[in-house]
Amino acid sequence: MSFTDLKLIDPLLKAIEEQGYTQPTAVQLQTIPQVLAGKDVITSAQTGTGKTAAFALPILQLLSEKQDAPRGNRTIKALIVSPTRELALQIGNNFKAYGRHTNLRTTVIFGGISEKPQVDVLTKGVDILIATPGRLIDLEKQGIINLDDVEVLVLDEADLMLDMGFIDDVKHIDNLCPKEKQILLFSATMPYKVEQLAHTILKWPERIEVTTTSSAAKNIGQVLYYVPKRNKIELCLHLLRNEIEGSILIFRRTKFGVDKLEGALTKNGYKVETIHGDKSQTDRQEALKKFKNGLVNILIATDVAARGIDISELDAVINFDLPNIPETYIHRIGRTGRAGSSGMAYSFCGADEKNYVTTIQQLLQIAIPVEESHPYPLDPKAKPITHKSKDSGSKHKKGRKSVASKKKKKRWY
Ligand code: AMP
């Protein structure tokens, strides 16, 4: 099936051709007709499947067909809410590329940078707005954004949005838009809280699922190293010296871990960039740019910071820390071996991460091959290091935190 079979209009077909896409991806094939038919959809698909075009193309089509009717000033008719700034920018770039032969105006707004340029563009009028929740709500409160004419609302990476604590913001944004609208919800995973949100705000949605598990394992070589936690950095250096080449994305669970590894690799002469939740917007964009342009070949990131970002043509992904959520493993390794090319995923498992391997393998339904001949093997009898809880003996229930201590809580991603 081709894009023409999806009944897309010529200005979009032209842009698609210019992008070099020859045929629609699975998620596009399933989602585009439903969106064009005006249905609400819940699509579970991860980044790399072509999901952005799956909502951007039909939205551009719906709006551009309506634009032929006489119209006054431009008002926001499609609103795309994204959890992170990088993802928002990326979605914006896609809309601009696909919509370049239409008359529609798109803009992206997010926090962490000055409002002024964003306000200037908004006052001139846009048809499509891509926004992170905080800045959107801020500018709406100031009366700069009006969502009364929104016809399509997209919630992208809904699971991440909820993980990041945006549930109330999302509900508020839904309320700021008219009741009668089309909602498209995209999520890499469908945990209960996403289902619950969908149940509250969507109407008779079509469910679309693009299976990632089997495809994840297809083009990607996977290898597992059992290694003591204290030797992970040495193992990483050993692999970088002897085995892994090209552009490499290394995942760590926390920002502290990212910084620590950056220090170690830099000391050993590697050119490294990092992204995590505590870096300024400019620094994150700069780091990504350097990585994408090939100025550095190693990027170290936390899951949350790297989620949704389209970094293509990766040669290898290193899971320096294994993720505790098995789906995250699939998202991570799915970043290599894209578009039919082959890639490698290296995973380091310490004594306390063995359970994660079990759940990941259950999800993948394959056993990840183990590399045993390396200089830092883990003693098979090694037990996880258990930290004695400081709270033991406390009369207070574990997990109960004062408001003040919650406020002090720093971001770990
Ligand atoms: P996404 O999942 O939206 O982040 O897209 C991942 C990558 O796939 C992006 O670089 C898109 O430009 C690319 N892409 C999207 N649709 C297609 C298609 N039909 N054919 C080839 N590449 C595509």
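As the structure lists them, so they are numbered: ligands from 1, and atoms in each ligand from 1. Here the structure is a predicted model, which means the values were calculated and not measured. Positions are given from 1 along the sequence.
- Polar contact with ligand 1: absent for Tyr98 (N/O pair, distance under 3.5 Å).
- Of the residues listed (Arg332, Glu353, Gln222, Arg252), the one engaging Asn319 in a side-chain hydrogen bond (donor to acceptor under 3.5 Å, both in side chains) is Arg332, and it is the only one.
- Remark: ligand 1 atoms within the under-4.0 Å shell around heavy atoms of Thr52 are 1 (P), 3 (O), 4 (O).
- Here the shortest heavy-atom pairing between Ile333 and Ile220 reads O-CD1, 3.2 Å.
- Residue contact annotation: Gln23 has a non-hydrogen atom under 4.0 Å from ligand 1.
- The side-chain heavy atoms of Leu62 and Gln182, taken from C-beta on, include a pair separated by under 4.5 Å.
- Under the 30°/60° scheme for interplanar angles, the aromatic rings of His374 and Tyr225 are found to stand perpendicular.
- Considering backbone and side-chain atoms alike, Thr49 places an N or O below 3.5 Å from some N or O of ligand 1.
- Near Phe3, with a cut-off below 4.0 Å to any heavy atom, the atoms of ligand 1 are 19 (N).
- Minimum heavy-atom separation, Asp315 to Gly246: OD2-CA, 3.2 Å.
- Annotation: Gly50 places an N or O atom under 3.5 Å from an N or O atom of ligand 1; distance criterion only.
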